[in-house]
Peer 1: 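I have a structure here, written as structure tokens, and I will follow up with some questions on it.
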Amino acid sequence: MAEDIKALDKTYIVNVYSRLDAVLDHGKGALLYDVNGKEYIDLSAGIAVNIFGVCDDVWKIAVEAQLGKLSHISNIFYTEPQVQLARLLCEKTGMKKVFFSNSGAEANECAIKAARKYSHDKYGDGRYTIITLKNSFHGRTMATLTACGQDDLHQDFGPFLDGFAYAEPDDIDSLKALADKGGVCAIMMELVQGEGGVHPLDPAFVSAAAAYAREKDILLIIDEVQTGNGRTGALYAYMNYGIEPDIVTTAKALGGGLPIGATMFASSCEHALTDHTHGSTFGGNPICAAGAISIISRIDDGLMAEVKAKGDYIKGELESCSGVEFVSGMGLMIGAKLKKDLASVVAQCVAGGVLVLTANGLLRLLPPLNIPWDELKKAISIVKDVIETAE
Ligand SMILES: *Cc1c(COP(=O)(O)O)cnc(C)c1O
């Protein structure tokens with residue numbers, strides 16, 4: 001059966017994913033099973049999505065209840081799950097308003113549009129540039145692809161959008177030099193660059209950038225699509241940095257496995273988007289919103305302490321592994337630069353029953369936040385064995 005599915009995939013699916021060799025069928029929590037019944041411990045969480053693992057009971061009850069009530073209705077009507085989720089997010093963050101979409105890229109598109117609108121309303125034409133950081137990742141739509149600070153992504157699809165500039169991460173002079181050219185409406189950054197190689201930004205750089213942005217009325221957009229929703233040991237990573245962003249975007253883990261994105265606005269720009277200036281057919285869909293409420297309402301201090309303890313454990317284990325050059329990350333968002341061939345380590349981990357990821361030349365681990373300790377320890381010992389013995 002696995003071979004048939006792989007053949008059909010090759011025939012009918014656009015070939016943009018170099019898939020790993022596992023045809024997954026079902027699972028519970030951090031344990032997944034392929035079509036042959038082989039078990040895997042999941043250290044990938046659907047790329048930072050399944051923070052309570054797959055088919056989590058609490059989430060399932062919330063989603064099923066909503067599924068039996070109202071599956072979808074247009075955003076020209078009110079629905080309760082959407083407003084309850086927005087209120088929960090605002091109460092937990094201090095942000096003032098939320099726009100719901102369906103993905104990280106869309107959450108960032110909304111932030112980009114809102115920043116330009118804010119600036120246009122206040123300062124008129126010509127102040128539209130958004131500074132992002134080199135090595136950043138913000139999505140795959142034309143605007144968010146342009147926003148990515150990676151030259152190798154800026155091929156083949158030109159012309160790209162006007163009004164993006166790329167500063168060096170952790171270099172405040174580089175950022176100020178770009179901003180001082182004028183015409184800048186926003187700075188957008190991930191606080192732990194995920195796809196770019198699990199790189200946490202230097203707190204001194206982040207506070208300097210935030211202070212500079214505030215001084216110049218440049219909006220600070222924090223892309224928490226991957227770092228958000230408990231992944232780094234705080235509800236949102238900006239809380240670890242003690243800054244107050246104007247706009248926070250998130251998606252991935254927000255819906256517990258259902259597609260939902262959110263763009264949250266602080267009081268500085270909560271009124272930037274006005275009637276008919278933005279929208280989404282599916283955004284804030286009641287089922288996705290109900291799932292998200294069940295996720296966000298369970299991210300508490302106890303879980304965050306667990307995230308930190310598990311993150312420290314993984315870091316310690318990998319640092320003591322002779323095939324590892326360095327370990328980076330925050331909370332349960334962890335990267336490891338290996339002295340071994342990365343592709344073969346990943347393939348051997350999967351073959352050995354552990355699902356892992358890569359990010360820009362690093363091994364990347366993003367386990368479900370509630371992964372039981374015994375499963376985590378077993379998975380890490382398999383990963384370590386693979387790294388030690390790999391070529
Ligand atoms: C995954 C990711 C995105 C894009 O999210 P999609 O849901 O795939 O569109 C944007 N920004 C960051 C930081 C991400 O990790």
Side-chain angles (χ1 to χ4, degrees), residues 14 16-17 19 44-51 99-115 130-150 153-154 157 161 164 166 169 186-201 206 220-232 234-238 240-241 245 247-264 280-285 288 291-292 295 328-335 357-360 362 364-367:
V14 173
V16 293
Y17 304 108
R19 298 200 202 271
S44 73
I47 314 192
V49 170
N50 307 322
I51 58 171
F99 177 84
F100 290 115
S101 54
N102 313 285
S103 67
E106 284 173 274
N108 286 336
E109 283 277 347
C110 173
I112 291 166
K113 281 180 70 176
I130 293 170
I131 299 178
T132 66
L133 300 182
K134 291 187 181 158
N135 261 334
S136 60
F137 183 79
H138 299 293
R140 305 169 186 87
T141 61
M142 282 310 303
T144 58
L145 183 62
T146 308
C148 294
Q150 302 188 43
L153 297 179
H154 295 164
F157 303 106
L161 265 69
F164 285 87
Y166 312 95
I187 297 168
M188 176 154 94
M189 58 175 81
E190 307 156 86
L191 293 172
V192 183
Q193 295 188 318
E195 305 303 314
V198 200
H199 170 67
L201 294 186
V206 172
L220 181 63
I221 305 170
I222 301 298
D223 177 346
E224 299 248 18
V225 173
Q226 190 162 155
T227 53
N229 314 303
R231 176 60 50 192
T232 68
L235 178 58
Y236 291 99
Y238 78 80
N240 290 326
Y241 282 85
I247 303 178
V248 175
T249 64
T250 193
K252 290 197 167 92
L254 179 59
L258 288 172
I260 184 167
T263 310
M264 298 181 253
S280 168
T281 296
F282 283 116
N285 166 281
C288 302
I295 297 292
S328 66
M330 194 182 281
L332 277 176
M333 185 170 174
I334 292 175
L357 298 162
T358 63
N360 201 13
L362 272 72
R364 176 172 44 156
L365 305 180
L366 302 167

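As the structure lists them, so they are numbered: ligands from 1, and atoms in each ligand from 1. Since we're looking at a predicted model, the values are computed, not measured.
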Peer 1: Does any N or O atom in Q226 lie less than 3.5 angstrom from one in ligand 1, N or O only?
Peer 2: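 Min N/O separation from ligand 1 is below 3.5 Å for Q226.
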Peer 1: Show which atoms of ligand 1 fall inside a sub-4.0 Å distance from at least one heavy-atom site of K252.
Peer 2: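 It comes down to these atoms of ligand 1: 1 (C), 2 (C), 3 (C), 14 (C), 15 (O).
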Peer 1: Would you confirm whether S44, through its side chain, and L357, through its main-chain N or O, come within 3.5 Å as a donor-acceptor pair?
Peer 2: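 Not at all, since once roles are kept as given, no pair shorter than 3.5 Å links the two residues.
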Peer 1: Kindly indicate whether the side chain of L191, heavy atoms from C-beta on, has any atom under 4.5 Å from the side chain of N240.
Peer 2: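 Side-chain contact under 4.5 Å: no.
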Peer 1: Students should be able to answer this: which protein heavy-atom is nearest to atom 6 (P) of ligand 1, and at what distance?
Peer 2: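 Looking only at protein heavy atoms, the one closest to atom 6 (P) of ligand 1 is G104 N, 3.5 Å.
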Peer 1: At less than 4.0 angstrom from any non-hydrogen atom of N108, what atoms of ligand 1 do you find?
Peer 2: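 Numbered from 1, ligand 1 contributes 10 (C), 11 (N).
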Peer 1: Counting only nitrogen or oxygen atoms and a 3.5 angstrom limit, does A251 reach ligand 1?
Peer 2: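 N/O-N/O distance below 3.5 Å does not exist for this pair.
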Peer 1: Quick one: are C288 and P259 in side-chain contact, heavy atoms under 4.5 Å?
Peer 2: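 In short, these two side chains touch, coming nearer than 4.5 Å.
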Peer 1: Backbone N or O of E224 within a donor-acceptor pair of the T250 side chain at under 3.5 Å?
Peer 2: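 Flag set: sc T250 to bb E224 pair under 3.5 Å.
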Peer 1: Using 0.5 Å steps for rounding, measure from the CE atom of M189 to the OG1 atom of T132.
Peer 2: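 Here the interatomic distance stands at 9.5 Å.
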Peer 1: I need the atoms of ligand 1 closer than 4.0 Å to a non-hydrogen atom of A105, numbered in the order shown.
Peer 2: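 Answer for ligand 1: 4 (C), 5 (O), 6 (P), 9 (O).
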Peer 1: Check each heavy atom of H138 against ligand 1 and say whether those closer than 4.0 Å belong to the side chain, the backbone, both or neither.
Peer 2: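 The part of H138 near ligand 1 is the backbone, not the side chain.
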Peer 1: Look at atom 11 (N) of ligand 1 and say which protein heavy atom is nearest, naming residue and atom and giving the distance to 0.1 Å.
Peer 2: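 For atom 11 (N) of ligand 1, the nearest protein heavy atom is D223 OD2, 2.8 Å.
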Peer 1: Look at ligand 1 and say whether R140 reaches it with a heavy atom at a distance under 4.0 Å.
Peer 2: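 It does, in that a heavy atom of R140 comes within the 4.0 Å cut-off of ligand 1.
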Peer 1: Who passes salt bridge (charged side-chain N to carboxylate O under 4.0 Å, His left out) against R19, sequence neighbours left out?
Peer 2: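 Per chain and number, R19 pairs via salt bridge (charged side-chain N to carboxylate O under 4.0 Å, His left out) with D9.
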Peer 1: Which of the numbered atoms in ligand 1 are under 4.0 angstrom from any heavy atom belonging to E190?
Peer 2: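 Answer, ordered by atom number: 13 (C).
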Peer 1: Once you restrict to heavy atoms under 4.0 Å, what part of T144 touches ligand 1? Side chain, backbone, both or neither.
Peer 2: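 Looking at T144 and ligand 1, no heavy atom falls under 4.0 Å.
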Peer 1: Quick check: do M333 and T227 have side-chain heavy atoms less than 4.5 Å from each other?
Peer 2: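 Side-chain contact under 4.5 Å: yes.
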Peer 1: Within the side chain of E195, is there an N or O that forms a donor-acceptor pair under 3.5 Å with the backbone of G139?
Peer 2: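 No, because the side chain of E195 does not come within donor-acceptor range (under 3.5 Å) of the backbone of G139.
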Peer 1: I need the contact type for S103 against ligand 1. Using non-hydrogen atoms and a strict under-4.0 Å cut-off, is it side chain, backbone, both or neither?
Peer 2: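 Both backbone and side chain.
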